Protein chains: 2
Amino acid sequence: MAGSCLIEKIGYHIPLSATDAALLARLEEQEEPFRARATVRDIGQPADRLFVVRAGWFFSYMILPNGGRQIMHIHYPGDIVGIPDVAFARTSAALAAATPGRLCPFPKSALDEVFIRSPRLSALLFSIGMVEHAVLADRIRIISRMGAEARVTHFLLEVVSRLRVTRRDLQGHFELPLSQGMIGDAIGLTNVYVSRALKRMQGDGLIRKHAHGIDLLDEDEMKKRVDFEDRHFKIDTSWFPGS
Amino acid sequence: MAGSCLIEKIGYHIPLSATDAALLARLEEQEEPFRARATVRDIGQPADRLFVVRAGWFFSYMILPNGGRQIMHIHYPGDIVGIPDVAFARTSAALAAATPGRLCPFPKSALDEVFIRSPRLSALLFSIGMVEHAVLADRIRIISRMGAEARVTHFLLEVVSRLRVTRRDLQGHFELPLSQGMIGDAIGLTNVYVSRALKRMQGDGLIRKHAHGIDLLDEDEMKKRVDFEDRHFKIDTSWFPGS
DNA sequence: CGAGGTGTTGAACTTGGTCAAAAGTCGTGG
DNA sequence: CCACGACTTTTGACCAAGTTCAACACCTCG
């Protein structure tokens, strides 16, 4: 399993025993390709499978009563998709591809084995779930009372922080394969206002837009403006069971 | 441990073995009283303890860059508080008492033992964490693009659905010991607009306000308007490890 | 070359925020 | 038992941020 970004990502947090590595490898046995904008799974379907992202960007979303779309999470290579659905019989969010990519589906029941055979890995999965929780909490905080520029700022910082989990050396320059409409659907703005916010931020010298991405020119100032906290850098593994 | 609402709440989802019950009992060994509006714990403190709510309503909140307050969760008797902090060394939210109440603190390391000795209980804790996640996701969905009445409606439905976990027979009539300012801080509105929204909803015949609480007069209509989904009624335990 | 998705800009409009004042509520202490 | 003070709720007037609608330029990929 040479190029497994799941094992890479997990292994970043805790040393993996041979057993653990074998358990993880089982989650990536199958693989399925998706075209950009393809729907992987709709709302209300049986939540019997999870996925590992092998390549590409995916996102999960919910539908609003007025027909709009709320993007909940963006999933990057190495992420496990569907952890929140574990508690429910049916999916509460839909899943789609933002770019061309590949997913490895595995059955919910494979988690059984993890819980039985590796307390340590269970604790880590648990913690990863809680990181997702913290990310949502941060988003609520920023959406509920902060203005458009703050929302966009926070969103960009969150993306970069997520990318740095696997690309430690990433500078402020990155590709962003999401339309402004999608960004708006993630932070509760219209595409129109995302455009205006980006323009004003560029005027302020905080960012520079280019063809398929964005440069963060003054990341410290951006972080200061929204009290940004990096949730992905370090998980507290100190309390984990011994082996 | 006669009056333990933790064991009652947990036991509602899975049958508890003697071992499991003993593990849970250990989480309620100590008890501490709090006055209404007392702060239990601030942001940025060591996240080395969790709490079981023994009595009263508590809530956790974050501070916004502009000084405002975002209420993330309301904690009811029987709830475990602090699960999301498990992944981090320091707390990302503060905790305070909404009413007079009592908390049972226990060390994070007590989770160790749960993960080692009871895969089944670990899976349930995991799932409970994911329910909290779903609750936040629902809140984002409702905050990001829905109007004031929809937010208030959703909030009230969520409270009732939570109360029904331990009070199955609860009708639409209940006590709500939260000020309108607090409700606003939970759903991203000012106290002023919460007041106006409630008034309009009362005019529509959806609710009736009274001294310390609210009657839901047409719960079905309210649910329909916001696509409400009850996250607390049923956890999917089908995939849990055998014993 | 054409089509569909994407980004930009302007103008009118709406929702909810802000500020301020008055009325109601509750608990405490005298 | 009453009076006071702190907090909460309600209401009005004005204001600002973001939405909606529409038109147009752009780009990319058949």
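Just so you know, these numbers come straight off a predicted model, no measurement behind them. Residue numbers start from 1 in every chain, and the chains themselves are labelled A, B, ... in the order their sequence lines are given, proteins ahead of strands.
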Is any side-chain N or O of B:H212 closer than 4.0 Å to OP1 or OP2 of C:dC26? yes
To the side chain of B:V192, which of D:dC7, C:dG16, C:dA20 is closest? C:dA20
Does B:E29 form a side-chain contact (heavy atoms from CB on, under 4.5 Å) with B:C104? I'd like the steps, not just the answer. CA-CA 7 Å; B:E29 278 170 357; B:C104 303; over 6 Å; no
What's the NZ-P distance between A:K199 and D:dG18, to the nearest Å? 16 Å
What is the distance, to the nearest angstrom, from the CD atom on B:Q202 to the C1' atom on D:dT11? 15 Å
For atom OH of B:Y193 and atom P of C:dC19, their distance in whole Å: 17 Å
B:F88 six-ring face occupied by A:R231 cation (under 6.0 Å, within 45°): yes
Remember a base hit wins even if backbone is also touched, and classify A:G184 as base, sugar-phosphate or nothing at under 4.0 Å, heavy atoms. nothing
Nearest-neighbour nucleotide for the A:A148 side chain, C:dC26, C:dT6, D:dG18 considered: D:dG18
Whole angstrom value for the distance that separates C1' of D:dT19 from CG of A:L64: 15 Å
Axial cation check for A:F34 ring with A:R102, 6.0 Å and 45° limits: no
Tell me the interatomic distance from B:L198, atom CG, to D:dT10, atom C1', rounded to whole angstroms. 11 Å
Nearest-neighbour nucleotide for the A:L189 side chain, D:dG18, D:dT20, D:dT11 considered: D:dG18
By nearest-heavy-atom nucleotide on DNA chain D, the more 5' of B:S144 and B:R37 is B:R37
Picking from D:dT9, D:dA13, C:dT6, which would you name as closest to the side chain of B:S195? D:dT9
Does D:dG18 have its OP1 or OP2 closer than 4.0 Å to a side-chain nitrogen or oxygen of A:T190? no
Short N-O contact, B:D79 and B:K9, less than 4.0 angstrom: yes
What is the separation between atom CZ on A:R196 and atom P on D:dA17, rounded to the nearest whole Å? 13 Å
According to a strict under-4.0 Å criterion, is B:K209 in side-chain N/O contact with OP1 or OP2 of D:dT8? no
Ion pair present between B:K224 and B:E229, side-chain N to carboxylate O less than 4.0 angstrom? no
Look at all strands and tell whether B:G68 reaches a base, only sugar-phosphate, or nothing, counting heavy atoms closer than 4.0 Å. nothing
To the nearest Å, how far apart are A:Q180 CD and D:dC26 C1'? 13 Å
Using atom CG of A:L176 as one end and atom P of C:dT6 as the other, report the distance to the nearest whole Å. 13 Å
